K.L.:
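Please see the structure below; I have some questions.
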Amino acid sequence: MSRCQFVPPYLVERLQPPSLVARDRELRAAREAGPRPVPRSAVAQEAWVVHDCGNTANLPGRRVRASGEPAENDAAVDVAVDEAAYAVDAALALCQLFGRRSFDDRGAQVSVSVHYEQGYANAFWDGAQLVFGDGDGEVFGRFTGPVDVLGHEFAHALVERTTGFTYWGQPGALNESFADVFGACLKQRVLGQTVDEADWIVGEGLFLPGVGARGLRDMAAPGTAYDDPRLGRDPQVGHLRDYVDTSEDNGGVHYNSGIPNRAFHLVATAIGGSVWEGAGRIWWEALTTADLAAESDFAAFAAATIIAAGPHERAVATAWDQVGVTPMAGSADQPSHSAAGRDPAPSPIVFVRRTGGLAGMISEGSVNLETRDERVPELQALVERVDVAAVGERAPAPAPDRFVYDFDLCGASCQVGEQDLTQELRRIADLLLR
Ligand SMILES: [Zn+2]
């Protein structure tokens, strides 16, 4: 199970948005307006555009650079813009190498936003664009720093427009794993590495110096990327017998992605050479041409990779066997979207647990309303204003790499995605995770 780690207060989200009211209005308006349209490429349209959110939550933000435009050449150059521009260019080139025109295969322009919110330690694809925070400056640096982080988010767009893997349970872990796979292919390609030279670390360089972490995830040895008093221990698993069955983190997508990640590493090193010509090509074929569905599970994906393996069929079959997955075409997971939910019982405790996010880490905090904690009066008022039943009735809408919050407000529990937080719930989380 996933009682993985406790992340102390200085790791948690510190942001107090300047205007919670304005933020809530924006979120509501965005929800009512539905998904923002993805721009279609005209003949002369730029392949990508990078925007600057100016440390607000306003998307996409100010347009700062597009493909074909030169980088600013002065001391005031924005490193995050440079990093994003470099990485999105490389991601599109890799996509093209695999024979696809952008993520939708119709040449969609890729919209990227940097400097999202303040101290935001995450990155995500929201269905319309790639979004990056600057990190909290204490544990996490800029999320534009490691090229594979952008590759990971770009791949969520690819998955959305191909198999459309549901972001929950096994298909969710396949969604996560393919994002890591594409990120690894991108990183090794820009570094000119063979599979034997590569470090197989996801997000290497994301942690600031002094943190006991080699990166977010280790595809070669899931569960060993970090072990630090401030972060806890890497909770990833690398074999089906250790599968984490949980309602957190969209059904453990960032924990269980270690299983297909390790299978990919085993195939890549068995084939050797450049990953994008070996295992990467096989995984790509499985995703884009195999008969996979949104609910396909590990067994179905394994079968698809074996079909796509050509002369490497034996290496692929052996790898899946080593992680405990028996390939079976057409098998489908039946994901359960129901939150575990705690038994409602009157209690003076207000509790929040935040999971998910690109890093897949856990933060939690609680306050007993019967104590003299300085947060009690505000929390008491907030809890009275939240209609937990109404929040809980809405089915969770999983979104790649967004945070997931589990609240227990004096015995009434609900689960809600970062993108669906009400003004009150956001404030409660800010108070408890401070
Ligand atoms: Zn992801």
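This structure is a prediction, so every number in the text was calculated from the model and none was measured. Numbering of ligands and ligand atoms starts at 1, following listing order.
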K.L.:
Please work out whether the ring planes of Trp320 and Trp283 are parallel, tilted or perpendicular, with thresholds of 30° and 60°.
P.N.:
parallel
K.L.:
Protein N, O or S atoms less than 2.8 Å from the Zn ion (ligand 1), ignoring waters?
P.N.:
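As for protein N, O or S atoms lying under 2.8 Å from the Zn ion (ligand 1), they are His152 NE2, His156 NE2, Glu176 OE2, Asp401 OD1, Asp401 OD2.
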K.L.:
Taking 4.0 angstrom as the limit, do Arg217 and Asp234 come out as a salt bridge?
P.N.:
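Asp234 and Arg217: not salt-bridged.
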K.L.:
Taking Arg214 first and then Asp218, would you say they form a salt bridge - that is, a charged N and a carboxylate O separated by under 4.0 Å?
P.N.:
yes
K.L.:
Is a salt bridge present between Asp199 and Lys187, judged by a nitrogen-to-oxygen distance below 4.0 Å?
P.N.:
yes
K.L.:
Classify the ring geometry between Phe178 and Trp284 as parallel (under 30°), tilted (30 to 60°) or perpendicular (over 60°).
P.N.:
tilted
K.L.:
Are any of the side-chain nitrogens in Arg63 or Glu69 under 4.0 Å away from the carboxylate oxygens of its partner?
P.N.:
yes
